[in-house]
Amino acid sequence: QVQLVESGGGLVQAGGSLRLSCAASGRTFNSYVMGWFRQAPGKEREFVAAISQSGGNTGQADSVKGRFTISRDNAKSTLYLQMNSLKPEDTAVYYCAADRTFNGGSYYSVREYDYDYWGQGTQVTVSS
């Protein structure tokens, strides 16, 4: 089992940047595929970005491509999301999630139901 704690959210003006972090407990962080999801008020939770166990393969939603970068530091058991050129429509609660998968290599999932563990979320608010 892994526990996930997000941090780094806050209020930022449009065009600004934030870096979210997700600290994971346990010593098996590198066995999990990791992902970021977000949920805006009145909307369903949606995929943002994901990264393979080694960090060698990543994927992003079309809405954030070229602006958001997902990365991980397995030695520190930490997942990151660098968010640049933020827009008001990026306002949401951001969640990190861990997929306890036996798939290795370049595998990652964009599907919410593939993820087994979730953090409590961190609020990101982008003002216009």
Side-chain angles (χ1 to χ4, degrees):
Q1 189 170 354
V2 63
Q3 292 184 324
L4 305 172
V5 179
E6 301 98 335
S7 62
L11 174 64
V12 64
Q13 288 188 334
S17 298
L18 282 174
R19 187 174 84 154
L20 304 184
S21 298
C22 173
S25 66
R27 294 174 289 180
T28 59
F29 179 70
N30 60 2
S31 68
Y32 293 93
V33 164
M34 299 298 296
W36 287 100
F37 292 78
R38 68 186 181 186
Q39 187 168 22
K43 296 186 177 181
E44 293 186 350
R45 191 155 56 184
E46 65 176 3
F47 169 76
V48 175
I51 189 166
S52 61
Q53 291 160 329
S54 69
N57 196 29
T58 64
Q60 297 81 30
D62 288 343
S63 59
V64 306
K65 275 182 181 177
R67 301 188 298 121
F68 290 12
T69 302
I70 187 172
S71 62
R72 66 190 296 165
D73 185 335
N74 286 343
K76 295 182 178 179
S77 298
T78 304
L79 175 72
Y80 303 100
L81 185 68
Q82 178 67 43
M83 305 187 294
N84 299 327
S85 302
L86 282 160
K87 304 175 181 180
E89 51 264 44
D90 295 318
T91 294
V93 177
Y94 283 71
Y95 299 90
C96 72
D99 175 3
R100 186 184 56 195
T101 179
F102 293 106
N103 295 301
S106 61
Y107 170 83
Y108 65 82
S109 175
V110 304
R111 298 182 295 263
E112 183 177 342
Y113 58 77
D114 281 331
Y115 289 81
D116 304 290
Y117 304 104
W118 293 81
Q120 82 289 350
T122 186
Q123 176 71 47
V124 171
T125 303
V126 184
S127 64
S128 57

Joining Ile, Leu, Val, Met, Phe, Trp and Tyr whenever any side-chain heavy atoms lie under 4.5 Å apart, the cluster holding Leu4 also takes in Val2, Val12, Leu18, Leu20, Phe29, Tyr32, Met34, Trp36, Val48, Ile51, Val64, Phe68, Ile70, Leu79, Leu81, Met83, Leu86, Tyr94, Tyr117, Val124, Val126
Tell me whether [X] contacts the main-chain N or O of [Y] through its side chain, where contact means a donor paired with an acceptor under 3.5 Å.
| X | Y | answer |
| --- | --- | --- |
| Arg45 | Val93 | no |
| Glu112 | Glu46 | no |
| Gln60 | Ala49 | no |
| Asp114 | Tyr108 | no |
| Glu6 | Gly121 | yes |
| Arg67 | Ser85 | yes |
| Asp116 | Arg100 | yes |
| Ser25 | Gln3 | yes |

Quick one: closest heavy-atom pair of [X] and [Y], and the distance?
| X | Y | result |
| --- | --- | --- |
| Thr78 | Ser21 | CG2-CB, 4.3 Å |
| Thr28 | Ser31 | O-OG, 2.6 Å |
| Ala50 | Ser109 | CB-O, 3.5 Å |
| Ala92 | Arg38 | CB-CB, 3.8 Å |

Those residues at least two apart in sequence (or on a different chain) that pass ring pair (Phe, Tyr, Trp, His ring centres under 6.0 Å) with Phe37 are Phe47, Tyr115, Trp118
Quick one: side chain to side chain donor-acceptor pair (under 3.5 Å) partners of [X], sequence neighbours excluded?
| X | value |
| --- | --- |
| Asn84 | Ser17, Gln82 |
| Thr101 | Asn103 |
| Lys76 | none |

Measure the shortest side-chain to side-chain distance between Thr91 and Gln123 over non-hydrogen atoms and say whether it is less than 4.5 angstrom.
yes
- Message: If I take atom CZ from residue Arg19 and atom OG from residue Ser71, how far apart are they, to the nearest 0.5 angstrom?
- Response: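 If we round to the nearest 0.5 Å, Arg19:CZ and Ser71:OG are 7.0 Å apart.
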For this session: Give, for atom OG of Ser52 and atom OH of Tyr107, the distance between the pair rounded to the nearest 0.5 Å.
Result: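 Here the interatomic distance stands at 11.5 Å.
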The side chain to side chain contact (heavy atoms under 4.5 Å, CB included) partners of Glu89 (sequence neighbours excluded) come to Lys87
